[in-house]
Each structure stands twice: as structure tokens, then as C-alpha cells.
Amino acid sequence: MKMLKNNKTLQIFIIGLLLGALFFVVIYGFDVLNVCNDAWLLTGRDLQQHYIGWKFFRNADWSFPIGVHDGLTYPYKVSVLYTDSIPLYAIFFKLLSPILPQTFQYFGLFGLMCFMLNGGIGSVLVAKFNKSRIFCAFGSVFFILSTPVLQRLFGLLSEDSRHTSLAAHFLILAAIGIWLYKDHFTKRWKAALAFSILGVLCVLIQMYIIFIVGGLMCGYLLHCLLKDRDWKRVGMVFGCFMASSLLAFFLVGGFTDILKATAGGFGIYSANINALVNPFHYSTFLSKKPWHLGQYEGFCYLGLGMILLYAVCLVVILQKVIKLGGVRKTKEVLKEKYRNHKSGVISLAIVIIVFWGLALTSTIYLGEKMVVWIYMPDKLLDLLATIRSSGRFMWTIMYFVMLFGTYMVSRYIRNKNVQKLIIIICVCLQIADLARPVMNIHTQYASVPEEEDIYAEDSFWTTKLGDYKHIVYYPLESCGFYQMLQIGTKASYFDINMNYFYMSRFYRDSLAKQEDKKNKQIFENNAFSEDTVYITDYKNAHKYKDRCYLYEADNLILAFKNPVEGLKPYNDVYVSKDDPLLEMDFSYNGRATVFAHNGWNMPDYGEEGMWTTKQSVLKLYSGGAKRVHIALEYEAGKKKGTTTIKVNGVKQYEIDNKSSGVAEFDTNLKETVNERTKKGVNWLFLNTNNIFEVKENGREEDRGIFVKKITVTYIE
């Protein structure tokens, strides 16, 4: 870039790079940069998904398009892009795979790159307004310690979301930079090349960011159009950006008829009006402000240092107004400035309005309170579902706010030393404000990590799984996604593929039906393969229990062609003389979640039970049992009152909500004839007459008692 040919600008860029590297090492340490250390990547959820996606892609044969493999969606091929495994790194290191160690991860290197480029490009953006190396160096810290980057990269394990590749905010900053330094791209081909490179990098790093970069490009082109009526630039830049991005998307295997294009949810994963000042868990001094469920996607806390900078700017503005002679004179000056920069102001205003509107969506919240609801037709919602996590558009507004703050200080405070003093004080406050969350992250990565395998603890996954070549889920939804993730992790240690996995998009409905239909034929025709582990649900286990060998592992039902030693034999959920014991635990992937009919607060990841509401219902099936013994383990609620247990309308037991223990009783059952039509289904009701209310992330819940496990034992 021409601007980096300037020796001083290049120095400022390098200073930003080095500061980014310094802050990365201080926060995350050196262990994550050890390419042979993957323990920290196996601690659950998104990081684990991205790493497993890379492992399966690395071990697969090369195909065309170059980013596809069938390890996780056998026999179909899907791109490594859809496990958010950063295709740019995955493809490069797959080329080097023969000379790499057996255990190899690149996510620490990617994180280092993000911090360095965020710092380098951020410092160059600040240099547009202030040529002081000290000012730019300290100004870059705001971009290095960007709170959504801290949240996304290797954030707190307790956070709701952590898509590592979404930390590549240098792509957003680079797009802003092209616009800000538009005079350095007077030749159309340079602007076309710059945005084309950004488009390709978005595809190869994080596809979602291309919508943000594309929006900024449109703002830049509108600016050029309004100022110079340069239609040729619009056509060339937009055309090259689209062509290069689509070509990269094709080469990496993004075009697929296997997965859905959208996942729904537009309007849920939005930004709150308070997003810029809501610290969530990322402030030492400020407490979390209310927001609505799902709005962690719009998290973009400015930090106390930046807020202080704006307080200074406010004082400066007031002084400027007084110096100009009042509001009327100030308006005249602003009108003159507007006339001189009309094209830039209009284009920037349009981008901010559009981005802010997309971020807030049609359901706008201030804290927990909905203040505006705008009707949108279903077809429009389906279209917008492509950018369903639209709260992320607030990131760009956050960066505009940061830049404007540094501009105001640079433009209206004439004394250079005062400028430096202000930016130093604000950055020190910013670091102090982020110190506690940063230390929490540092502690997390400085400790010895343990693999998260609470849903794949059975010894089968480490001792026997290697004897097989395939894992087949039938039906596809017979396993929760986080449990599927941990099973995939175990499978990655062996040469095993599977027909489904936790990805950023789901199978198309027609393909999912086709896959289930194919595997249904295997069960019906007793055509099981000796080299395959079939993971099924209780309905098929009951239906086909005489055609295969069934076992239990981590609340999953495993089916095999041949018997397997060491696994717990499966007990049918239809209680009968032959299957006299039914145990249902209420953990995240526990069996009870299948039979919970309504009125339950489903457990969060890792919880060991479910809360009842005013009325909670559980289904029971009888395969001939007329009378059973039921034992219900529970823990106390927080309000006085009682919970009445009924079976098929008959009162069986009464629980004191403030106590913990086991409710035991005998009851009659009717034989289940047809589960689908509910004929013969037995209903267990828990009616709580005095609940307590909780609010978490804007989600309101009624809670009675905490049920951990129900055991049903055959009597006659």
C-alpha cells in the first residue's frame, strides 16, 4: 500500500504490530503458540469444533474443490469452512502436513496474527489524524484490546459464544482504512485489488465478515460516486470484489447442496441499544447491564478509557462552541464543513444507519425492555436469515466511534503534548477497566487444561472405538450437538468418519430425510455393518431390539451387528418384565430430556438436572408393566410451598419445595399401544404451587424444584 511506503507511517504500523504481539503474549501466554499443544483446544464448544474440523480435513485425501472432505459428513463432502476451521490456515498447513508433527494446531498463530494486525492497522487509522508515534501507539491499544475480539478469540469458557475466526477484525479495519485513505487509491485497479484481496481473505478466514466488509465497500463506492460521479470505479471495484470472493468460495468448497444456506434466528441474535456501554463481564469497575437473550452477538463495549475520551471530547466541543460565539455560529460552521465534505458525510451516515438498523433488527431492546417492533414479511426474514447474527454489525460502529474520538482530540486540541497526555491517561484507564476480565482469560490459559468430555466419558470411546471405521447417527438428531462434538473428538484419534457433525449449518431437510431413510432400511433389513457404530434413539431401539446388539454409553444408545464386551447392555424404555428398570437422569444430554413433555426448564451445558415450572409433564411408556415403583430424586427450590406428583391424574406424592430428597411411591400404568397417537402413554405431572422467578441474559424463568433423576422399577 502506498501509505505504508511512507517511512513514518510504516514505523507506526510496525509499532502497532509489536504492541499487538506484546498484549497477546501477556494475555494468553506462550503455551497457545506451541503448535504441538492442543490440550487448550479441547475444553469445549466452539474452539473444539474448529480444531476437530481441522484434524479431519488434514487426515482426508485431497479433493476438488480443495477445501472439502467427507470425514464428518460421510459419504457426502463438505467444506472445512463450515466448521469455522479457518480455511486459509487449514489448506496451507494441509499442504505441509507430511512434514508437520502428528499433533499440530495453528489457532494460537492465528490469534497472534489477529492481535498484531488489529494493532498495526489500528495505529495506521489513527495516523490519519495524528502523526505522533506516541499518540498512534497508544491509540492502537483501543483496537488491540477490542472487547468483541477478547470475547471471540479465546474468550472465557463461560461465555455464550466464542467463534475464533470472528476475531479477525483486521479485515474490518482494513476496509475502513481503504475508505479513510481513499486518496491513496486514486487508480481504480488499486481499489479493486485491495477490496478483492479483502473479499478472498474473508472467505478464507470468516465468511460472515464479508457482509461487513462488503457494506463498507459500498459506503466507499457511494462516497466516490457522490464526489466524482465515477461509475467506472463502482463497476470495477464491485465486480472484482464479487468475482474474486465467489471464486475463492468455489475453490474452498463453499457452494454445497448438502447444507442449508441459512439457519434462521434473525432478530434474536441482535444488538441492544446499550451495546456500546454494556460491559457484560468485561469491566473491572462496571457491572453488567440488562440485555435480551441472544444479544451477546452484538457485544461491543467501548471501555471506560474510550468513554473518558468522549467526555474530554465533549468538553472540547463546548469550548469550541463558546469560542465560536454560540450555537448559531457553530451551526454555520458545521454547515460549511458539511458542504465541503457532503459526499463523505452522506455515505458514512448511510452506512452507520444501515449497519445500526441491521444490528438492532426489527425487534429493538433497551436493556430487557422492547421499545420498538417492526413487522417484517416471512420472505424478508428468510432473506435476512443469511445474516442472522446481525448484532455483529455493531462492531463497525464501535470502530467508527473509536476513530472519531481520536479524531476529535487530534483536531481540536492544538497542544501536541496535551494530546499525548490525554490519550495515555485514557489508554491506562482502558487497560485498568479490562484488567479483571483479561486476568480471568490469562488464568484460564495459564492453568493446565483438561479435555471437556463429560458427554463422552465411557471407556468405549478410547478403548473400543478404534475397532470401527464409521459412526452413523440414525436418526440424525439422536445426539445433542455438544455430545456429538465430544464423540467427534474421540473419533479424531482414529481413522473413523461419521455421517453428521456439529457445524455452522445443518443438513438440508430433504437430505436429512434421505439419510434417515437410507439408515432406516439398514435397521429394517438387518443389514448392519461390522465396522460401524450406530447411534440411535429409544424409539428405534425399542422397535429393532431383536435385530441388533444394543448398549448404553453416556446416555446414548449404541447398536452393533456383533456383541461388544465392556459396554452396559441397553434396557428398553418401555418398562416390562424383560426390561424391569428404567433410569432417566435430567442432565443436558440425559435420557429424561427425551421424555420431558412440557413445563421444564431445560438444563444448560453441564447442568445435572432440570427445574420444574408451575406444571411439568413427563411421559412414561409401558411394555406390559401394570404396576411400577417410582423414585424421584430432587433438590429444594427457594420458595415455600408444595409440588404435587400425579400419574394419569391420580395424586401419588406431595413434596415440600424447601426440602431435598427422594420421593418414592408405587403406581399403576396402562400399556402403551401407540406412542405417536399417544394411545396408552402414561403422564407424570409435577404441579408446583409456589415458584420463584429468575432472569438470565434477559430470559425469564419460573422455577419450582430441581429434579435430578427418576427411576422406574417393574413390579407386575
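What's counted below: heavy atoms across the whole structure, side chains too, no hydrogens, waters or symmetry copies. Everything numeric here is computed off the predicted structure, so don't read it as measured data.
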Tyr106/Phe93 aromatic ring centres below 6.0 Å:
yes
Nearest 0.5 angstrom please: Ile210 CD1 to Leu246 CG, how far?
7.5 Å
Distance (rounded to the nearest 0.5 Å) between Ile212 CD1 and Leu358 CG
10.0 Å
Backbone of Asp257 reached by a side-chain donor or acceptor of Arg508 within 3.5 Å
yes
Within the 6.0 Å centroid threshold, strictly below: Trp54 and Phe107
no
Measuring from Leu302:CG to Leu276:CG, what's the distance to the nearest 0.5 Å?
4.5 Å
State, with a plain yes or no, whether a side-chain heavy atom of Asn555 is found less than 4.5 Å away from one of Ser587.
yes
Once you round to the nearest 0.5 Å, how far does CD1 of Ile454 lie from CD of Gln483?
9.5 Å
Is there a side chain to side chain donor-acceptor pair (under 3.5 Å) between Tyr76 and Glu515 once you walk through the steps?
CA-CA 10 Å; Tyr76 314 107; Glu515 184 68 11; 3.1 Å; yes
Return the OG to CG distance between Ser165 and Leu88, rounded to the nearest 0.5 Å.
11.5 Å
Is Glu297 salt-bridged to Arg152, cutoff N-O under 4.0 Å?
yes
Any chance you could measure Ile121, atom CD1, to Asn118, atom CG, to the nearest 0.5 Å?
7.5 Å
Does some side-chain heavy atom of Asp554 sit less than 4.5 Å from a side-chain heavy atom of Tyr455?
no
Contact check, side chains of Pro65 and Leu251, non-hydrogen atoms, under 4.5 Å
no
Taking only residues at least two apart or on different chains, which pairs with a member in residues 368-399 satisfy ring pair (Phe, Tyr, Trp, His ring centres under 6.0 Å)?
Phe143-Tyr399, His169-Trp395, His169-Tyr399, Phe355-Phe393
Check the pair Thr43 / Glu452 against side chain to side chain donor-acceptor pair (under 3.5 Å), numbers first and verdict last.
CA-CA 5 Å; Thr43 51; Glu452 175 64 271; over 6 Å; no
Leu221 side chain reached by Phe241 side chain, heavy atoms, under 4.5 Å
no
Decide yes or no on side chain to side chain donor-acceptor pair (under 3.5 Å) for Thr489 and Gln48, but give the supporting numbers first.
CA-CA 8 Å; Thr489 301; Gln48 197 163 343; 2.7 Å; yes
Mind checking whether His69 and Phe56 have parallel, tilted or perpendicular rings, split at 30° and 60°?
parallel
Step-by-step side chain to side chain donor-acceptor pair (under 3.5 Å) determination, Tyr507 to Asp516:
CA-CA 11 Å; Tyr507 272 167; Asp516 282 345; over 6 Å; no
Partners passing side-chain hydrogen bond (donor to acceptor under 3.5 Å, both in side chains) against Ser287 (at least two apart in sequence or in another chain):
none
Kindly indicate whether the side chain of Phe211, heavy atoms from C-beta on, has any atom under 4.5 Å from the side chain of Arg392.
no
Please find out if less than 6.0 Å separates the ring center of Tyr82 from that of Phe501.
no
With a 6.0 Å cut-off on ring centres, are Trp291 and Phe280 close enough?
yes
Would you say that Met370 contacts Thr363 through its side chain, given a criterion of any heavy-atom pair below 4.5 Å between the two side chains?
yes
Decide if the gap between the ring center of Phe115 and the ring center of Tyr28 is smaller than 6.0 angstrom.
yes
Candidate pair Tyr208 and His163, rule side-chain contact (heavy atoms from CB on, under 4.5 Å), full reasoning:
CA-CA 11 Å; Tyr208 195 95; His163 290 81; over 6 Å; no
Between Tyr89 and Phe110, what is the ring plane arrangement, given parallel below 30°, perpendicular above 60°, and tilted in between?
perpendicular
Please say which of Ile471, Thr83, Asn499 ends up in a side-chain contact (heavy atoms from CB on, under 4.5 Å) with Leu72.
Thr83
